Amino acid sequence: MFSDIQQTLENAIHSVLTAQGVTPLPLKWAPVPFAGEWGISTSFFHIAAEEARAGRASGKPVPLRAQELAETVRNRLGRLPGISRLEAVKGYLNFYFEANTYARRVVEAVLTAGPNYGRGAPKGERVMVEYAQPNTHHSFHIGHYRNAILGEVLARLLEFAGFETIRASYPGDIGLGVITTIWAYDKFYKGQEPEGIHERGQFLLKIYAEATALLEEKENETPEEAARRQQYNTERREMYRKWDAGDPYVRQLWQTTREWSLEELRDILRMLDIRIDVWFFESEMDGPAKAIVEELIAKGIADDERPNGGPVIVRIDEKLGLKKETYRTNVILRSDGTTLYLTKDLALAKIKFEQYHVDRSIYVVDVRQSMHLQQAFAILRLWGFPQAEKCYHLGYGFVSLPEGAMSARRGRVVLFKDVVDEAVRRVLAVESEKSPQMSDEERRQVAEQIGLGALAYSMLSVDNNKDIVFDLDAALSLEGRTGPYLQNAHVRANSILKKARAAGLALPLESLPALEYELTRHEIDLIEQLARFPQVVEQAANEYRPLVMASYAYDLAEAFHSFYHAVPVLQAEQSHLRDARLQLVIAAKQVLANALRLLDIQAPEVM
RNA sequence: GCCUCUGUAGCUCAGUGGACAGAGCGUUUGGUUGCGGACCAAAAGGUCGCGUGUUCGAGUCACGCCAGAGGCGCCA
């Protein structure tokens, strides 16, 4: 927000330095790091160091010389418009703003732009974000949730920063796991269908877990058990073959159960306020994938080892001319002629580039698939897609439980739906005590917003590349650095405004009050946070890091809570003070709402 | 064996090469006849895994160790 001021100051400093016979270098700027003070700061260490290197040394150590330069510049700059005070300390030069002037500018900018405050200019680039890729026939767990919330927030950040954004989901609706489930369903549960969307999803998960247990080789198994296991395996393989051949019975069975899973997925996405633009399905990539294998063989990129009973492979390092082992060798078609995940990913990438004309493609996928995706991108380069340079894997650490990795087979899974239900229960317990006047309907709705907010923030406040050991109590905590803390700031702002309106004030006020009084440090801190928001949007989007926005949102909420306690608004002694602070509260509420929206956390009016 | 990621307060985590390394939880203490206490204010708590470099300056960059997690041609 202050880049113009920064430029003016930098020019002024350069001319002072030049007049002193000092060679100026570009300056680095940062906010003054002291609470309750408002300004920007630069330092002279690098200029002093350069002098020393060039042999124009004054003989002084660098820090001393930097301080000398800072003092010289301070003494010669004189009065600057908009700057109330200058300070040279420890090699730094601090410029303190005329707080009232800038405070007014910030509040005005927020109130004028409203929900669009912080929105970046159009970037003229189309980005596709692929996330929400759970397998069907398997219920949605807390690990899938991390993926979904991360992808959605990334999409929101990119969109708000000015990219044309397409949200894509890619459920794995075929594969050995899927076939295992429908085989067991057909054999042991044929015709059964539980009532309720989530009950059906969990039913499939139970069947999957039972089936994998049956198919797993056990220690000390009797010859009868071994024979039975092999029989089951044969049946499963036969079912996969039938699916591949388009057998109507197997296809129907698959369609029905697949729809149960997709219904559950759609319900969860609705709960998370995620609207997917494009659905791709793994089952639809099979045909295109097979065609691609032939094309890659014809182009000499892939080697066909099928004549010798082997698979079709791509020797990536060799084809790229790499001496060092980097991408190794990949199988793109099994020796039995069936495709693999990688082959389907190649087919999907082609569709993204050719049908959706994306300039950039972001894959939000578990970090364990990092190697796999790098291989896919390398093959796309070999294949000749220029967009392959703009494929980016946003990896994230996986979610495990205190007792180890999640495993459906061992019945060790934390389901998203169960966590949400528990969250709502806990919030309701707090709510009934704190907000006894709320209607049951409203209470239920707010409880879901708060519970989901707590969960979302617990995932987003950890950096992408860190693994998470899921702790229910920590994730659903309502106090401290949590989603509800942010939501509470919004509610408190709303509460003040509601009271003001009830007292007969028309908000927002017709004209912006002048802010011609001495601002408290709490007001300055709050306004500085409001001013930061646009750069935070830019940074979070550029770095693909929701954490940057999550941290900021906490800083903003903290500044508001402190302000709320220390600075009277409706009880202000004079009406012009009250009016100015009311405008500030409106602005704070707006920026809180904007930040929460980007984090996919609801901003309730009451809680 | 090779590659990637992680290591910061008792625990969970932030931390643009720059000023005294910051939060939350937990511990201890204080705060509402007040705009909602899901809050605020404060105290205690640190060899930033270890070492060597680069730099005026390193938690941050490079290299080497140690520890943990993950990956490495027919799973997804």
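Quick caveat: nothing in here was measured; it's all calculated off a predicted structure. So you know, we letter chains A, B, ... as the sequences are listed, proteins then strands, and number each from 1.
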* OP1 or OP2 of B/G34 less than 4.0 angstrom from a side-chain nitrogen or oxygen of A/Q571, does that happen here? -> no
* Structure fact -> Atom CG of A/L373 and atom C1' of B/C72 are separated, to the nearest Å, by 15 Å
Look for any protein N or O under 3.5 Å of an N or O in nucleotides 15-17 of chain B and output each such pair with its distance, or none.
residue: B/G15; atom: OP1; partner: A/R545; partner atom: NH2; Å: 2.5

* Asked: Side chains of A/L215 and A/T212: closer than 4.5 Å at any heavy-atom pair?
  -> no
* Asked: Taking atom P of B/G36 as reference, at what distance in whole Å does atom CD of A/E431 sit?
  -> 16 Å
* **Residues within residues 468-481 of chain A bordering RNA chain B, heavy-atom distance below 4.0 Å** => A/L478, A/E479, A/G480, A/R481
* Quick one: which of B/C40, B/G1, B/C56 gets closest to the side chain of A/H561? -> B/C40
* May I ask you to say what A/S495 touches in the nucleic acid, namely base, sugar-phosphate or nothing, with a heavy-atom cut-off under 4.0 Å? => base
* Separation of atom CG in A/D467 from atom C1' in B/U4, rounded to whole Å -> 12 Å
* To do: May I have the distance from A/Y564 (atom OH) to B/U32 (atom C1'), rounded to whole angstrom?
  => 10 Å
Show each protein N/O and nucleotides 74-76 of chain B N/O combination with a separation under 3.5 Å, one pair to a line.
residue: B/C74; atom: O2'; partner: A/R334; partner atom: NE; Å: 3.1
residue: B/C74; atom: O2; partner: A/S335; partner atom: N; Å: 3.1
residue: B/C74; atom: O2; partner: A/S335; partner atom: OG; Å: 3.4
residue: B/C74; atom: N3; partner: A/S335; partner atom: OG; Å: 3.3
residue: B/C75; atom: OP2; partner: A/R334; partner atom: NE; Å: 3.2
residue: B/A76; atom: OP1; partner: A/R334; partner atom: NH2; Å: 3.2
residue: B/A76; atom: O3'; partner: A/E282; partner atom: OE1; Å: 3.2
residue: B/A76; atom: O3'; partner: A/E282; partner atom: OE2; Å: 3.2

* Structure fact -> The complete set of side-chain hydrogen bond (donor to acceptor under 3.5 Å, both in side chains) pairs with one or both residues in residues 33-43 of chain A, sequence neighbours excluded, reads A/E37-A/R85, A/S41-A/N94
* To do: May I ask you to decide whether A/R65 forms a salt bridge with A/E51, counting only side-chain N to carboxylate O separations under 4.0 Å?
  => yes
* Asked: Between B/C20, B/C13, B/G1, which one does the side chain of A/K466 approach most closely?
  -> B/C13
* Asked: Can you check the A/L486 CG to B/A23 P distance for me, whole Å?
  -> 17 Å
* To do: May I ask you to say what A/A48 touches in the nucleic acid, namely base, sugar-phosphate or nothing, with a heavy-atom cut-off under 4.0 Å?
  => nothing
* **Donor + acceptor pair across side chains of A/R236, A/T180 (<3.5 Å)** => yes
* Would you mind reading off the distance between A/K589 atom NZ and B/C35 atom C1', rounded to a whole angstrom? => 14 Å
* Nearest listed nucleotide, side chain of A/R53, among B/C56, B/C40, B/G24 -> B/C56
* Asked: For residues A/R532 and A/Q529, is any side-chain donor paired with an opposing acceptor at under 3.5 Å?
  -> yes
* **Sequence neighbours excluded - side-chain hydrogen bond (donor to acceptor under 3.5 Å, both in side chains) pairs with any residue from residues 484-495 of chain A** => A/R492-A/H561, A/N494-A/K589, A/N494-A/E605
* Base, sugar-phosphate, or nothing for A/S41, non-hydrogen atoms under 4.0 angstrom? -> base
* Asked: For A/D579 and B/C35, what is the distance between atoms CG and C1' respectively, to the nearest whole Å?
  -> 15 Å
* Asked: Is A/R74 close enough and on-axis enough to A/F95, meaning under 6.0 Å and within 45°, for cation-pi?
  -> no
* Asked: Quantified in whole Å, what is the C1' atom distance between nucleotide B/C25 and nucleotide B/C61?
  -> 33 Å
* Looking for any heavy atom pair under 4.0 Å, which part of the strands does A/V367 touch: base, sugar-phosphate only, or nothing? -> nothing
* Asked: Once Watson-Crick and G-U wobble pairs under 3.5 Å are found, how is RNA chain B written in dot-bracket notation, 5' to 3', with | for any base paired to another strand?
  -> (((((((..((((....[...)))).(((((.......))))).....(((((..]....))))))))))))....
* Check every strand shown and say whether A/P33 touches a base, only sugar-phosphate, or nothing at a heavy-atom separation below 4.0 Å. => base
* Asked: Counting any heavy atom closer than 4.0 Å, what does A/N94 reach on the DNA or RNA strands: base, sugar-phosphate only, or nothing?
  -> base
* Indicate whether OP1 or OP2 belonging to B/C3 is found under 4.0 Å from a side-chain N or O atom of A/K324. => no
* Asked: Between atom NZ in A/K90 and atom P in B/A19, what is the gap in whole Å?
  -> 10 Å
* Asked: Between the base of B/C35 and the side chain of A/R492, is there a donor-acceptor distance below 3.5 Å?
  -> no
* Among B/A19, B/C39, B/A14, which nucleotide sits nearest the side chain of A/Y485? -> B/C39
